Amino acid sequence: MNNDEIEQSRMEVLESKLITLALTVALAVSLADNIFHFIKNQDWTIPLIFLTMLVFLRWLDVTRRRVVSIASGAPLRTYDSSSAFYGEALHAISRSSKSVYAVFSHDTAPGQQTEESRRYYTGTIRWARKMPGKRSLHRVIRLPNSSPDIQQWVDEQIDLAAKVENYHVKILRYPPGMELEGENFAVIDSSVVFLGFAVDDRGEMRGFSVRDAGVASAFEHHFRELWRLANANPQPPAPEPRRPAEV
């Protein structure tokens with residue numbers, strides 16, 4: 001969730017509390033006056049009645065928006081920058097306790113993309129190192145058939161998977177001539193999905209997250225199919241021998 005959405009949510013909570021407080025005070029004053037008749041001048045009561053009605057209508061509007069939000073389905077959050085997308089995803093992973101199923105779909109390494117991307121992938125490995133045997137990070141790295149710009153990072157991930165008990169990696173190479181899909185996603189604790197797409201050559205991301213077990217289950221099935229198709233010990237394709245020039 002970006003800063004504007006967080007601030008809006010806080011303001012709605014504060015507004016609801018202030019409205020409830022105003023209605024409670026108005027009710028208490030009205031009851032006390034009816035019992036003790038301590039208010040001698042009643043000229044101000046008409047404006048108070050209209051003010052109370054206005055506050056009550058506002059309370060109904062806030063309640064309606066909350067009911068519509070709950071009834072509309074799975075909580076959905078959108079992210080319009082790499083900072084928001086990767087920051088919220090890493091925060092969700094750091095709070096998770098069980099599993100992360102992630103798909104990487106880029107033709108450049110995180111270090112060649114954005115600073116947020118680099119922090120995210122470093123942070124996921126840091127999460128995987130903790131509590132050996134108690135949690136797991138599975139990652140499918142999808143690559144074009146030939147990907148020299150990213151091969152060093154891929155080799156580093158394979159080496160890390162051999163050393164970190166909780167980290168598992170497979171590589172899925174696309175056939176020659178087939179464009180690499182830009183879909184990147186992570187399923188966290190079988191409950192929340194982050195789905196992002198690169199929008200430029202640097203890997204700047206846009207995307208959204210959905211907190212819903214049914215959606216997470218669908219993405220986990222998709223991940224398992226990608227995992228089945230991927231290679232356990234991937235090697236980059238050998239360069240084709242040059243043909244002798246025709247004379």
Side-chain angles (χ1 to χ4, degrees), residues 1-12 69 72-130 135-144 147 149-150 153-154 156-157 160 167 169 172 179-223 226-227:
M1 181 183 291
N2 58 40
N3 291 336
D4 290 340
E5 290 173 324
I6 292 174
E7 187 64 27
Q8 180 181 0
S9 178
R10 289 174 177 173
M11 289 300 295
E12 287 179 352
S69 176
S72 63
L76 174 69
R77 298 178 180 177
T78 59
Y79 310 99
D80 59 3
S81 68
S82 286
S83 177
F85 181 82
Y86 282 122
E88 188 70 15
L90 183 57
H91 178 67
I93 290 174
S94 66
R95 297 178 61 186
S96 65
S97 59
K98 184 176 59 175
S99 63
V100 176
Y101 300 100
V103 172
F104 174 97
S105 300
H106 296 282
D107 54 7
T108 56
Q112 299 171 291
Q113 298 171 17
T114 62
E115 180 65 19
E116 295 84 1
S117 175
R118 185 192 64 79
R119 284 200 298 265
Y120 168 79
Y121 286 99
T122 301
T124 57
I125 298 300
R126 185 166 56 248
W127 177 86
R129 289 184 184 276
K130 299 178 181 179
R135 56 174 57 168
S136 63
L137 168 60
H138 288 75
R139 175 171 286 140
V140 170
I141 301 176
R142 296 198 288 197
L143 299 171
S147 49
D149 293 341
I150 198 176
W153 181 79
V154 173
E156 290 173 357
Q157 300 308 300
L160 280 170
Y167 188 33
V169 173
L172 181 59
E179 290 289 336
L180 179 66
E181 295 180 46
E183 173 194 71
N184 297 264
F185 69 84
V187 185
I188 303 170
D189 277 356
S190 302
S191 61
V192 59
V193 177
F194 281 80
L195 178 63
F197 301 91
V199 296
D200 59 29
D201 294 338
R202 293 183 62 249
E204 179 68 25
M205 297 289 288
R206 301 288 188 275
F208 59 88
S209 66
V210 182
R211 185 171 295 277
D212 181 81
V215 175
S217 177
F219 272 90
E220 280 194 18
H221 282 294
H222 179 34
F223 179 88
L226 294 175
W227 187 263

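Bear in mind that the values here come from a model prediction, so they are computed numbers and not experimental data. Just so you know, residue 1 is the first one in the sequence shown, and it goes up from there.
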task: Please identify each residue that fulfils side-chain hydrogen bond (donor to acceptor under 3.5 Å, both in side chains) with Ser83, with sequence neighbours left out.
output: none
[X] versus [Y], closest heavy-atom pair with distance:
X	Y	result
Val193	Ala216	CG2-CA, 3.5 Å
Ala128	Tyr167	CB-CB, 4.4 Å
Ser96	Ile188	CB-CG2, 3.5 Å
Ser94	Trp127	CA-CD1, 4.1 Å
Leu137	Thr124	CD2-O, 3.7 Å
Arg139	Tyr120	NH2-CE2, 4.4 Å

Any donor and acceptor pair, going by atom type alone, linking the side chain of [X] with main-chain N or O of [Y] inside 3.5 Å?
X	Y	result
Ser217	Gly214	no
Arg77	Phe208	no
Ser105	Arg142	no

- prompt: So which pairs with a foot in residues 186-197 pass side-chain hydrogen bond (donor to acceptor under 3.5 Å, both in side chains), sequence neighbours left out?
  reply: Ser190-Glu220
Using the ring pair (Phe, Tyr, Trp, His ring centres under 6.0 Å) criterion, which residues pair with [X]? Sequence neighbours excluded.
X	result
Tyr101	His138, Phe223
Trp153	Phe104, Tyr121
His222	Phe185

What distance do [X] atom [atom1] and [Y] atom [atom2] have between them, rounded to the nearest 0.5 Å?
X	Y	atom1	atom2	value
Ile150	His106	CD1	NE2	8.0 Å
Thr114	Arg119	OG1	CZ	8.0 Å
Leu226	Ile141	CG	CD1	13.0 Å

task: Begin with the C-alpha distance, continue with both residues' side-chain angles, and end with the deciding distance and a verdict on side-chain contact (heavy atoms from CB on, under 4.5 Å) for Met205 and Tyr79.
output: CA-CA 8 Å; Met205 297 289 288; Tyr79 310 99; over 6 Å; no
- request: Start with the C-alpha gap between Gln157 and Ile125, add the side-chain angles, then the distance that decides, and say whether side-chain contact (heavy atoms from CB on, under 4.5 Å) holds.
  value: CA-CA 9 Å; Gln157 300 308 300; Ile125 298 300; 3.9 Å; yes
- request: Before giving the answer on side-chain contact (heavy atoms from CB on, under 4.5 Å), spell out for Glu183 and Phe197 the whole-Å C-alpha distance, their side-chain angles and the decisive distance to 0.1 Å.
  value: CA-CA 5 Å; Glu183 173 194 71; Phe197 301 91; 4.1 Å; yes
- prompt: For Leu195 and Phe219, what are the C-alpha separation, side-chain angles and deciding distance, and is it a side-chain contact (heavy atoms from CB on, under 4.5 Å)?
  reply: CA-CA 10 Å; Leu195 178 63; Phe219 272 90; 4.1 Å; yes
- line: Sequence neighbours excluded, the answer for side-chain contact (heavy atoms from CB on, under 4.5 Å) partners of Thr122 is Arg118, Arg126
